[in-house]
Every structure is written in C-alpha cells, then in structure tokens.
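All remarks here apply to the structure that follows.
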Amino acid sequence: MADGRVSARLRPESGAFDLALRLTLLALLLRPIGSIEILAAGMLGLAAAGLLFRPLRESSLSWLALAAMAAFEVASDWPLPDNHAYLRVYWFVAVALALSDEAPEVRLAWNGRMLVGLVLALATLWKLASPEFRDGTFFGVTLVSDPRFFDLARLVGDLPRDVLAAAGEALDAHVDGPADTGGIPEVWNARLRAFAWIATWATLGVEGAVALAFLWPLGRGPSRFRDGALLLFCATTYAVATVEGFAWLLLAMGAAQAAGRGWRRAYVGVFFLVLFYREVAWLGWLADRIGSGA
Amino acid sequence: MSGDGRGAARFASRLAPARRSLARRLRALPVVLLLSIAGGQWALTARGDLSPWSGGGFGMFSTVDAGGARHLHAFQVRPGVEREVAVPRELAVRAATLPTGRFLRGVAEWVAAQPSSDHGPVGSVRIQVFRPRFDPETLAPSSELLREVEIAVGDG
C-alpha cells in the first residue's frame, strides 16, 4: 500500500504530527457532526478506526474521505453551518495533503499555524468592525439572553435566577420597529456592565494576540509566545462559551505546530480541560454557592 | 493473488512521485480555501445582508445579528386581503440568515401552498425580515427592517 511508505517515514519524529491527528479524530468522536445520518456514521466509523489503526490514521485517502463528507455537510446545510464546520474541512484537507508530502510534519505545522492565525485574525476584525461589540452591547445581550452564559451572568451580576430568566425572555421578545420597553435596568447593573466591558476588550486582546503570534514569522518576536497565547485563549474562552468542537479543532492545529514535548502535553491537558468544561456545570455550582441566587 | 498484490504495489509506487508533486503544489490549498470563502462571506454580508455569524467568515460572537435572532414575517396577498402565515422555523431561519433569491422564494412557495382564508388562489407573498437591535444604555430590544419583498406566485 502506498500509504505504508508515508507511515514508515513519519514514525521517527511523529510526536506533534501524530498527536494532532489523534486529537482531531478524538474530537470527531466526542463531538460527532452530521445532520445526515449516513455521513455521520461514516465519519464516526472512520474516526474510531483511525484512532485504533495507525495505517488508517496515516492514509491520505481516509482524510480526503473525511474532508469530502465534512464539505458535503457544509454545502447541504448552507448558509447555516457553524464556522468551525468550514474549518474542519480545511483541516482535513491539510492533513490529507501533508500525508502525501515529503515533509508531512513541516507541511501540517505550517497549515496549522496559518489556519489558527487567520481564523483568529478574521474573528478579531469582525469584532473591531462591529459597533455593538465595541460598546459592550453584544456581551450585555449575550450574558442575559444566551443560555450558555446564564450561570456566568448570575455569578458576575449577583442576580437571582428568576430575575435573570425574566430579563432574558424580555430581550428575546421580538419587537417590530422601535423599542417599546425601558429595557432591563434591574439586570443591566453596574457589575454586569463592568464585566461586559472587561470581556469585550479581553476578548479582542487575546484573540488579536493569538492571531499576531501565529502569523508572525516563526522563531521571532510574538511568534515565541504563540503556544501560550492559544492555550490561554482556549482555557479561558471555552470555560464559558461551550463551543467545544471549535476549541478542539484549534487545539489539534496548535498541537501540530507545537514546539516541544512540554507544549504538546499542555495541548492535551487543555483538550481535556475543555471536555471538563462541557461535562461539569462548574459555573452553575459556583453561582449557587457564591452568588445571591437560587 | 500475490501477483496482483505486487502489481498494485508497483502501480502505487509509480503514482507516489506524482502524488507528492501534486501535494507540493496544493500545499497552501487549505489557506486559499479559507481566504476565498471568507472573502465571499464578506461580500454576501455587505451586499446580500448575510448574517455575519454565518457563511464561513468567522464573524461569530461579534454581533447580536445572528440568523436565528432575526425575525421573518410572511403574508399571503390576495386582492383586498392580506393574511400572515407562520413559517416553519428551519425555512424561516435559513431565509432570515441570507434574505436573498432562492431562500426567499422557498418561503414564498411554501406560504403560497397553504390554504388561504377564503380558499382562493394566492397572487403573491410579502416577506419582511427584521434584524434585532438593542439600546446600549438600557438593552431595550427593537428591530430594524432589513428586507421587504413581494414575490408573485402561481398563475397570478
């Protein structure tokens, strides 16, 4: 089999490369994708088999098949798929190309660095261009009305559960035309405003820093802090915004280009930290004990 | 059997240099794909009112204007009569996320197929798409009319 040659060539220095492949497949198993059942089954089967069998994991055909299925998923549901559904396609293509390359580790590391840098650069530009993000309105609305942020809002705003839930319903109510209420002054209090302001600028700062570090020429200036910046971003952002599929994809890309065993272990650690965030309602637990409210 | 196996291996080894050469030429393909689709998403946002959250441009968590937060009204229009019809959520969200051409027409066709109040034929369907707005001081919700179209349906 042609892929056997690739496999043998990879083995001596396959640390970062193999870790990135395994994290990607594990992410597919832990957060299956697919509204089309047969595609979902195909991707799950390939992910499981790839984790168990190295030749399958190192076959460019396996990754091309995954890329084709993920691309079909995006196209069939367009324009609704989440952004990480697109990123997954690019990453699967990157792995397939790397496995056919003479220097797979170098090639995958380069694509991983560029994809992480560009994704975070685009995310930063969109936020900078949005007035309602810059003035804190986005975080204010999100904290109050997005169920994923409910416990965080209870905690930082020191708000009882029922008051916050009522405010969330008020924000969700559709109004044709101009506002016909006075807003939610009892919830949009000084504490929540201050937190929204901090979250706004911290998000811009950390996303911009990751983008800069990953797009900067390797080994110089901000580039030396790229692993730490990405790990900090994932460990903090996804503690609240439970979009674990995106987080795991970024971590797999980060692992592909990680400089050294220590950073690779850190990527694995944060990968499982994100799993912890998903499985354990730690913010709710904290809000119940510290906040005002039951 | 073993002869076939050796043949396949020879064929694969002959293909390997070509595959490596192709992979070398396409090495930046993932980056090119990302930038092309992000560029297309930006254009659709600017010209077609696509929600910045959608379309692969990585504008998520930057605005309250997510496709699912938009609101769509659809009305059957007959001479002298206009009746609002509730549209299935998936159809409405898709059209609200990108309120152009085929998605709005899809809504219009579905609405036209529903029985009208007097069981007469529907001449056209009027569709309004609103995007959410919030007052920065009070977070009071409001909305802004993003698109309003009337689409002729059926024989009418």
Side-chain angles (χ1 to χ4, degrees), chain A residues 1-2 5 60 74 78-83 85-87 89-91 93-94 97-102 107 110-111 114-115 118-120 122-123 126-127 129-130 132-133 135-138 140-142 144 167 170-185 187-188 203 241, chain B residues 8-9 11-13 15-16 19-20 22-24 26-31 33-35 37-38 41-42 44-45 50-65 67-69 71 73 90 93-94 97-98 103 128 130 132-145:
Chain A
M1 207 166 147
R5 293 160 58 89
S60 54
V74 170
W78 193 83
L80 299 184
D82 291 332
N83 286 287
Y86 296 81
L87 187 58
V89 178
Y90 311 147
W91 183 237
V93 171
L97 287 171
L99 284 163
S100 300
D101 199 282
E102 282 163 342
R107 189 58 51 222
W110 184 85
N111 267 313
M114 289 297 110
L115 289 176
L118 289 169
V119 163
L120 272 298
L122 288 167
W126 271 110
K127 290 179 177 72
S130 168
E132 67 201 26
F133 186 87
D135 69 13
T137 305
F138 169 77
V141 171
T142 302
V144 177
L171 292 195
D172 279 342
H174 171 69
V175 182
D176 283 348
D180 59 1
T181 69
I184 49 167
V187 166
W188 189 222
T203 302
Chain B
F11 180 69
S13 69
L15 271 184
R19 203 178 64 175
R20 279 200 291 274
L22 185 66
R24 207 166 35 244
L26 295 177
R27 61 192 166 193
L29 180 65
V31 170
L33 283 174
L34 183 147
L35 290 175
I37 288 176
Q41 185 260 7
W42 180 84
L44 275 175
T45 304
L50 171 66
S51 162
W53 279 72
S54 300
F58 299 95
M60 62 289 171
F61 290 102
S62 68
T63 169
V64 294
D65 184 24
H71 199 80
H73 290 298
E90 197 193 328
V93 168
R94 198 178 298 276
T97 300
L98 179 56
F103 297 129
Q128 297 175 323
F130 290 87
R133 287 278 179 257
F134 294 90
D135 184 283
E137 288 304 313
T138 65
L139 296 189
S142 61
S143 64
E144 178 186 325
L145 184 61

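Naming: A, B, ... by sequence-line order, numbering from 1 per chain. Quantities reported herein were computed from a predicted structural model and do not represent experimental measurements.
Both the backbone and the side chain of B:L33 come within contact range of chain A, judged by heavy atoms closer than 4.5 Å. For B:P132, no part sits under 4.5 Å from any heavy atom of chain A, backbone or side chain. For B:T45, the part lying under 4.5 angstrom from a heavy atom of chain A is the side chain only. Only the backbone of A:A170 comes within contact range of chain B, judged by heavy atoms closer than 4.5 Å. Heavy atoms closer than 4.5 Å to chain A are found in both the backbone and the side chain of B:A28.
Of all heavy-atom pairs spanning A:E132 and B:S62, the tightest one is CG-O, 4.4 Å. B:G55 and A:W78 make their closest contact through CA-NE1, 4.5 Å (heavy atoms, listed as atom of the first residue, atom of the second, distance). Annotation for A:L171 and B:L139: closest pair CD2-O, 3.1 Å, computed over non-hydrogen atoms. Minimum interatomic distance between A:L122 and B:A38 (heavy atoms only, all atoms of both residues): CD1-CB, 3.7 Å. Closest of all the heavy-atom pairs between A:Y90 and B:P30 is O-CB, 3.5 Å.
Ring geometry for B:F61 versus A:F138: interplanar angle over 60°, hence perpendicular rather than tilted (30 to 60°).
How far CH2 of A:W126 is from CE of B:M60: 11.5 Å, rounded to the nearest 0.5 Å. Note: A:N83 CG to B:S54 OG = 7.5 Å, rounded to the nearest 0.5 Å.
When A:D172, A:V93, A:T203, A:V141 are compared by the number of non-hydrogen pairs under 4.5 Å with chain B, A:V141 comes out ahead. For chain B, the option among A:W110, A:F133, A:W91, A:Y86 with the highest count of heavy-atom pairs below 4.5 Å is A:Y86. Between chain A and the residues B:V31, B:T63, B:T97, the largest count of heavy-atom pairs under 4.5 Å involves B:T63. In terms of non-hydrogen atom pairs under 4.5 Å with chain B, the most contact-rich of A:T142, A:T137, A:L87, A:L120 is A:T137. Of the listed residues B:H71, B:R133, B:Q41, the one with more heavy-atom pairs under 4.5 angstrom with chain A than any other is B:H71.
The side-chain heavy atoms of B:R94 and A:L80, taken from C-beta on, include a pair separated by under 4.5 Å.
The number of heavy atoms from other shown groups lying within 6.0 Å of CH2 (B:W42) does not exceed 12.
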